[in-house]
There are 2 protein chains.
Amino acid sequence: MLSLPSDPELDRLVVEIIGRVADKWTLLLIEILTERGDCRFGELSRACEGISQKMLTQTLRAMERDGLVTRTVYPVVPPKVVYALTDLGLGLSKAFCGVWEWAESNREAILRARAQHAQRQSQQDTPAG
Amino acid sequence: MLSLPSDPELDRLVVEIIGRVADKWTLLLIEILTERGDCRFGELSRACEGISQKMLTQTLRAMERDGLVTRTVYPVVPPKVVYALTDLGLGLSKAFCGVWEWAESNREAILRARAQHAQRQSQQDTPAG
DNA sequence: CAGCATCCATCTAGATACTG
DNA sequence: CAGTATCTAGATGGATGCTG
């Protein structure tokens with residue numbers, strides 16, 4: 001038995017870890033690195049359309065800090081920095097497959113639920129309108 | 001074929017959905033509701049130790065809006081409101097099992113990676129002591 | 001090319017007080 | 001019991017300008 005199923009403290013730890021890795025850009029970067037393999041900074045920047053350099057750097061540093069990616073600097077001109085998933089990052093990528101597939105399969109159900117909810121809301125707002 | 005594996009737009013949609021459902025409190029509430037079954041507001045409040053009423057209400061409303069939980073109000077005194085996972089919510093709960101197990105199994109690896117990273121950082125800060 | 005430093009708008013989370 | 005309303009500190013994220 002690796003862990004008690006209902007240990008509140010463990011739950012909190014796990015939730016914190018998931019909360020840290022489950023943000024928008026981290027997931028997108030993991031997805032991109034899983035699909036493409038190793039990438040340079042600029043390639044990630046283009047693939048993550050809409051991300052700012054600041055967020056890209058920040059997210060990559062956090063991922064590096066948590067051991068999800070490696071950062072390799074080549075001492076050439078112009079500079080070349082390559083990011084690669086570690087085994088830990090690859091494991092996370094696989095672990096997220098289930099959630100990813102769930103989100104793909106159920107995104108319409110969620111959008112439908114939201115639409116219905118919005119309808120009920122507007123009905124409440126104008127009950128006899 | 002349900003989806004192209006590398007459709008950037010789909011990726012974004014999925015990432016947004018995951019980003020919305022993968023926050024700290026949502027995960028904790030899903031965990032609690034999965035473990036305990038239907039819960040009243042107060043019970044969730046106590047189980048999610050540290051959460052404020054505001055965040056609890058806010059998170060539950062978002063979950064209700066996205067069709068993850070149902071909210072049933074009993075017209076009694078004192079008020080009684082019961083929250084229950086929907087099939088969608090239950091599916092998400094199951095989908096997250098993989099990530100949950102990954103986080104449990106690798107939390108020490110992550111903490112170790114961070115510790116090593118912190119060491120390397122302090123070595124860089126004091127290169128010649 | 002691959003960043004870092006800075007400023008600024010916004011969003012968030014929590015504390016507090018009040019209500020049916 | 002189960003909320004709502006309000007206020008505020010802090011985190012978040014983007015734009016800009018500069019560097020090796």
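Keep in mind that this is a model prediction, so the values were computed, not measured. Just so it is clear: chains get the letters A, B, ... in the order the sequence lines come, proteins before strands, and each one is counted from 1.
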Whole angstrom is fine here: how far is it from CD1 in Ile51(A) over to P in dA2(C)?
-> 14 Å

Passing candidate, side chain to side chain contact (heavy atoms under 4.5 Å, CB included) with Ile110(A), options Arg114(A), Arg112(A), Arg107(A), Glu108(A) | Arg114(A)

Arg12(B) vs Glu49(A), salt bridge (Lys or Arg N to Asp or Glu O under 4.0 Å): CA-CA, chis, key distance, verdict | CA-CA 10 Å; Arg12(B) 302 301 282 262; Glu49(A) 206 176 344; 5.9 Å; no

Options dG3(C), dC1(C), dA2(D), nucleotide nearest the side-chain atoms of Phe41(A) = dG3(C)

Of the nucleotides dG20(D), dA2(D), dC4(C), which one has an atom closest to the side chain of Pro79(B)?
-> dA2(D)

To the nearest angstrom, how far is Met55(B) atom CE from dG14(C) atom P?
-> 6 Å

Within this structure, what is the CZ-to-P distance between Arg20(A) and dT12(D), rounded to whole angstrom?
-> 8 Å

Measure from the side-chain N and O atoms of Ser105(B) to the backbone N and O of Glu101(B), and report whether any donor-acceptor pair falls under 3.5 Å.
-> yes

Roughly how far, to the nearest 0.5 Å, is CD of Glu31(B) from CG of Leu29(B)?
-> 10.5 Å

Can you tell me how far CG of Leu68(A) sits from CG of Leu85(A), rounded to the nearest 0.5 angstrom?
-> 8.0 Å

To the nearest Å, how far apart are Tyr74(A) OH and dG3(C) C1'?
-> 18 Å

Just wondering, do Val81(A) and Thr72(A) contact through their side chains at under 4.5 Å, heavy atoms?
-> no

Within the structure, does a side-chain N or O atom of Tyr83(A) lie under 4.0 Å from either OP1 or OP2 of dG3(C)?
-> yes

For nucleotides 6-10 of chain D, which of its nitrogen or oxygen atoms have a protein nitrogen or oxygen under 3.5 Å away, and what is each distance?
none

Check: Thr59(A)/Thr26(A) side-chain N/O donor and acceptor closer than 3.5 Å | no

Specify the separation, in whole Å, of atom CG of Leu60(B) and atom C1' of dT4(D).
-> 15 Å

Between dC1(C) and Arg40(A), is there an OP1 or OP2 to side-chain N/O distance shorter than 4.0 Å?
-> no

Per Val81(B) side chain, nearest of listed nucleotides dA2(C), dC1(D), dG3(D) | dG3(D)

In whole angstroms, how far is the P atom of dC1(D) from the CZ atom of Arg46(B)?
-> 7 Å

Whole angstrom is fine here: how far is it from CD in Gln58(A) over to C1' in dA11(D)?
-> 10 Å

Length of the CD-P vector between Glu43(A) and dG3(C), whole Å | 14 Å

Counting heavy atoms from C-beta on, name the nucleotide in dG3(D), dG3(C), dG20(D) closest to the side chain of Arg71(B).
-> dG3(D)

Residue Trp25(A), side-chain atoms from C-beta onward, closest of dG14(D), dG20(D), dG3(C) = dG14(D)

Of the listed nucleotides dC1(D), dA2(C), dG14(D), the one nearest the side chain of Pro78(B) | dC1(D)

Could you check which of dT4(D), dG14(C), dC4(C) has an atom nearest any side-chain atom of Arg61(A)?
-> dC4(C)

Side chain of Gln53(A) only, please: which of dA2(C), dT16(D), dG3(D) is the nearest?
-> dT16(D)

Correct closest heavy-atom pair for Thr86(A) and Val69(A) would be CG2-C, 3.7 Å

